[in-house]
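Okay, structure first, notes after.
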Amino acid sequence: MTFKSVLFAGLLLGLGACTTVSPPERPAPRVNPSGPGTSVLLSELVRVATLTPEQRRRELADLENGRRLDDARRFQLAALLEREDSADAFERGLKALAAMEEADSRTQALVELLKRSLKVRIELKQQTARAEELQDKLDQIKALEKSLQQRNTPTKAP
């Protein structure tokens, strides 16, 4: 064997040994027994996003008929209401999130993001309604201006 082949074999053995080393184990994430975990809430958001409108309506009706809601059900209700297209539904979603008990910081951050999303959607609905109202007024002014211009033009006699 030549020196190059021995060196190459040693290098391959060293690299092979590196690949068999297992990565250090991470500690298991702590789950708050009093409330839902962040991963549960995230998976709930993903699940709600994939539902059809009819499935969302059914689940929403089931949750609204329930007597007492735990934090996971409140979050689910808020996620379902976020998918609706009315300011009233967004307000109800905010109320459901406000009723949730304090949770760990990661879960609380997720709840705060959903709250912000609902607040922004409410604001967007209000701004859209205001823009439509102003557009209607602008159309009325244009129509009035056009009718005034037609009145002021003299009619030609043949």
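Judged by distance alone, the side chain of Q150 and the main-chain N or O of S147 form no donor-acceptor pair under 3.5 Å. Listed for the S117 side chain is no donor-acceptor partner under 3.5 Å among the backbone atoms of L113. Counting only distance, with no hydrogens or angles, the side chain of K125 and the backbone of D85 share a donor-acceptor pair below 3.5 Å. Remark: the backbone N or O of L69 is paired with a side-chain donor or acceptor of R74 at under 3.5 angstrom.
Residue L77 comes nearest to A96 through the heavy atom pair CD2-CB, 4.0 Å, listed as atom of the first residue, atom of the second, then distance. In terms of heavy atoms, L114 sits closest to A78 at CD2-CB, 3.9 Å. Annotation for L110 and T38: closest pair CD2-O, 4.2 Å, computed over non-hydrogen atoms.
The line from CZ of R83 to CG of L45 is 8.5 Å long, rounded to the nearest 0.5 Å. Note that CG of L138 and CD of E145 are 10.0 Å apart. Values are rounded to the nearest 0.5 Å. How far OG1 of T128 is from CZ of R121: 11.5 Å, rounded to the nearest 0.5 Å. For the atom pair R58 CZ and D62 CG, the distance stands at 8.5 Å (nearest 0.5 Å). Once rounded to the nearest 0.5 Å, the distance linking OG1 of T107 with CZ of F75 reads 9.0 Å. Rounded to the nearest 0.5 Å, atoms CD (Q55) and CG (L60) are 13.5 Å apart.
Taking 4.5 Å as the limit, every side-chain heavy atom of E132 sits out of range of all side-chain heavy atoms of Q135.
Defined by atom type and a distance below 3.5 Å, a donor-acceptor pair is missing between the side-chain atoms of D104 and Q108.
There is a path of hydrophobic side-chain contacts, each under 4.5 Å, that joins L42 to L97. Note on M100: it clusters hydrophobically with F90, by side-chain heavy-atom contacts below 4.5 Å among ILVMFWY residues. A continuous path of hydrophobic side-chain contacts links L41 to L118 [ILVMFWY only; heavy atoms under 4.5 Å].
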**Request:** Check the pair K142 / K146 against side chain to side chain contact (heavy atoms under 4.5 Å, CB included), numbers first and verdict last.
**Result:** CA-CA 6 Å; K142 284 181 180 179; K146 187 175 181 180; over 6 Å; no
**Item:** Steps toward side chain to side chain contact (heavy atoms under 4.5 Å, CB included) verdict (I122, L94)
**Value:** CA-CA 10 Å; I122 290 169; L94 279 174; 3.6 Å; yes
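Checked for salt-bridge contact, E59 and R56 miss the test: no charged N lies under 4.0 Å from a carboxylate O. Comment: R130 engages E133 in a salt bridge, judged by a side-chain N to carboxylate O separation of less than 4.0 angstrom.
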